[in-house]
Asker: 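One structure coming up, written as structure tokens, with questions to follow.
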Amino acid sequence: MLPKFPMKSILKAIRPYNVCTTQTLYNPSSPSALIDDFTRFCYQRDLPRAIKTMGSLQKHGIRADSITYSELIKYCISRGAIKEGKLVHNHVYSNGYEPKVFLNNILLNMYVKFELLDEALVLFDQMPDRNVVSWTTMISGYSNGKLYVEALGFLVLMFRDGVVPNGFTFSSVLRACDSLGTLRQIHCSIVKNGLDSDVFVRSSMIDIYSKWGEIQSGFCVFDEMVTGDLVVWNSIIAGFAQNGNGDEALENFKDMKRAGFSGNHASLTSVMRACTGLALLELGRQVHVYVVKSPRDLILDNALLDMYCKCGNLEDAKSAFELMPEKDVISWSTMISGLAQNGCSLEALELFHSMKASGLTPNYITMVGVLFACSHAGLADDGWFYFRSMKQFFGVDPGREHCGCMADLLGRAGKLDEAIKFIHEMECEPDVVMWRTLLGACRVHKNMDLAIYVAKQILKLEPEDEGTYILLSNAYATTQRWEDAEEVRKTMKGKGVKKEPGSSWIELNKQVHAFVLGDKSHPQILNIVKELNNLIRRLMEVGYVPDTSFVLHDLEGEQMEDSLRYHSEKLAVMFGLMSLPNGKPVRIMKNLRICGDCHTFVKLVSKIEDRHIVIRDPVRYHHFKDGVCSCGDYW
DNA sequence: GTAGGGTTAG
């Protein structure tokens, strides 16, 4: 029980929940005991009783003041108490009373936070006055609910109503941009309204430009900044990291530190993602050492786990996973996919069972990892079982990625016709990734006719893809369709398709050493080439024959071999062998898919040099050990 | 009373 104070003192002590306006207090008909109770319950944060008493007060025609109502509603929001919130709403409107816009806005916000947009809209429509807060609340609600058209519609109506938007409005509406064009229009509007220097608006703009893949525009917004804060820095760092521009992400992180901001978990998560993208295991490890001293953060832990997986370091990934104090569906999915991608499919499936046993429900992405593992382990029956039952068991509708795994499953098994049939019959449209998977299957199972068909499908979707042109031209050549092969080469020339220079890199003593075919800028290049030639000679003695089928067939014999001899991954592997102590794995990352010749080459090297060599190409991991690759020569 | 940044996908 509260001590009996004079009313004035109580009013002071419990201000936010004060029901006792002078008017109600001195109303001779008001049951003061009820008011006392209500006040006390509010004070004690006893929501159920406060609401119950409020009902009794309502019967006596007694209302609380706006401040009390607003605090009660805010409390309902924080507790997720939908039912109670609606009771307060009902009480606010009792006895024909019409609240001011301030209180209506809070009610509106309540429905928005509870994701009850229809009810928010009813209230919004009946509000006699709407100010910028009312409009922004609606925009924010529809944006969060991913109803972007509606959110933008509210902005238009708001303009029509003559209400001037503020920074809150723009940072809410930016997420609703449904195209780059809309984004640019909104950007103009922001500048017109003089809100482009607002840090909230700025960070939203950077974020949205980056989500639309326009990180350079995002950087312009960032670069105009005179004074910014940590979130703006984090937005640009994340933008670069998410757009596969790890170098710039790391550079901006350094600049941020120079500007006097010490990064937080969000900054470090992006740094970790940049390390993941660039396969910078050592730098990632440094960040790991740095963060284990700070309080744990689930998102950062997940990013760390992914970094170890994508750098091909499963030992550290597994121990990081074991040591995580808390694991969510993303942690499990990351580890499952990580195992499967690095060639440990059976372990991935075991982990999937542990995940279910731990009581977590797999999501869309988990199932992609699971089906990926099934297809790579050749477990056709399990694959089909999960594919057909995941909707029923986990509520996951099969999507394009799942279908891609199933096409891969069939392709790997050599059931190429079934794979094509599956692709044609599935509900979603096949994408480039799916066709590429099938192209890999055609290559392995030497089905040239189908390869030609598939390559054409890829070129329809990606007319600039050099690798596919080469493959198509070579497929024609192997089937003696010389004219077609010539035609493909002409098309390539006509379109000006240029080869993205293949490059491979390796991290050594906190430095990245990058190699490109024909590039002699590495200080040790002469030595590396000399050693590489020696190595190739030794390999040829044990039976290595350069495989020229991955080079365009318009070069003559020796030239073809030469263009293979110095492929960037061969240079990088050689450099790794020369620079790293015996027994240490050589980890290479490259920007293009590994070619068949380099694959054979590295397999043999792993045997005669007795080394674990890991090469990560843009889609696959290759762990070479004892002359065998984890991909089983299928990629 | 209304806004901003970080993690998993073939």
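Chain letters run A, B, ... following the sequence lines, proteins first, then strands; residues in each count from 1.
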Asker: Whether Ser140(A) contacts dA3(B) is assessed here as follows: a side-chain N or O lying under 4.0 Å from the phosphate OP1 or OP2. Is that the case?
Answerer: yes

Asker: Using the ring of each side chain (for Trp, its six-membered ring), is Phe154(A) parallel, tilted or perpendicular to Tyr142(A), with breaks at 30° and 60°?
Answerer: tilted

Asker: Under 6.0 Å between the ring centres of Phe422(A) and Trp384(A)?
Answerer: yes

Asker: Hey, can you pull the residues of residues 164-175 of chain A with a non-hydrogen atom under 4.0 angstrom from DNA chain B?
Answerer: Asn166(A), Gly167(A), Phe168(A), Ser171(A), Ser172(A), Arg175(A)

Asker: Going by atom types only, do Asn243(A) and Tyr209(A) share a side-chain donor-acceptor pair under 3.5 Å?
Answerer: no

Asker: Determine whether any donor atom in the side chain of Ser204(A) lies under 3.5 Å from an acceptor atom in the base of dG4(B), or the reverse, and answer yes or no.
Answerer: no

Asker: Please state whether the base of dG6(B) and the side chain of Asn264(A) form at least one donor-acceptor pair under 3.5 Å?
Answerer: no

Asker: Does OP1 or OP2 of dA9(B) have a side-chain N or O of Lys310(A) closer than 4.0 Å?
Answerer: yes

Asker: Which part of the nucleic acid does Ser333(A) contact within heavy-atom distance under 4.0 Å: base, sugar-phosphate only, or nothing?
Answerer: base

Asker: Please check the phosphate of dT7(B) (OP1 and OP2 only) for any side-chain N or O of Gln242(A) closer than 4.0 Å.
Answerer: yes

Asker: Given the structure, check if the side chain of Asp431(A) and the base of dG10(B) hold any donor-acceptor pair shorter than 3.5 Å.
Answerer: yes

Asker: Is the closest side-chain heavy-atom distance between Pro99(A) and Ser66(A) below 4.5 Å?
Answerer: no

Asker: Do the side-chain N or O atoms of Arg273(A) get closer than 4.0 angstrom to the phosphate oxygens (OP1, OP2) of dT8(B)?
Answerer: yes

Asker: Please confirm whether the shortest side-chain N or O distance from Lys113(A) to OP1 or OP2 of dA3(B) is below 4.0 Å.
Answerer: yes

Asker: For His402(A) and Tyr386(A), which I'm curious about, is there any donor-acceptor pair between the side chains at under 3.5 Å?
Answerer: no

Asker: Check if the side chain of Asn302(A) and the base of dG6(B) share a donor-acceptor pair of N or O atoms closer than 3.5 Å.
Answerer: no

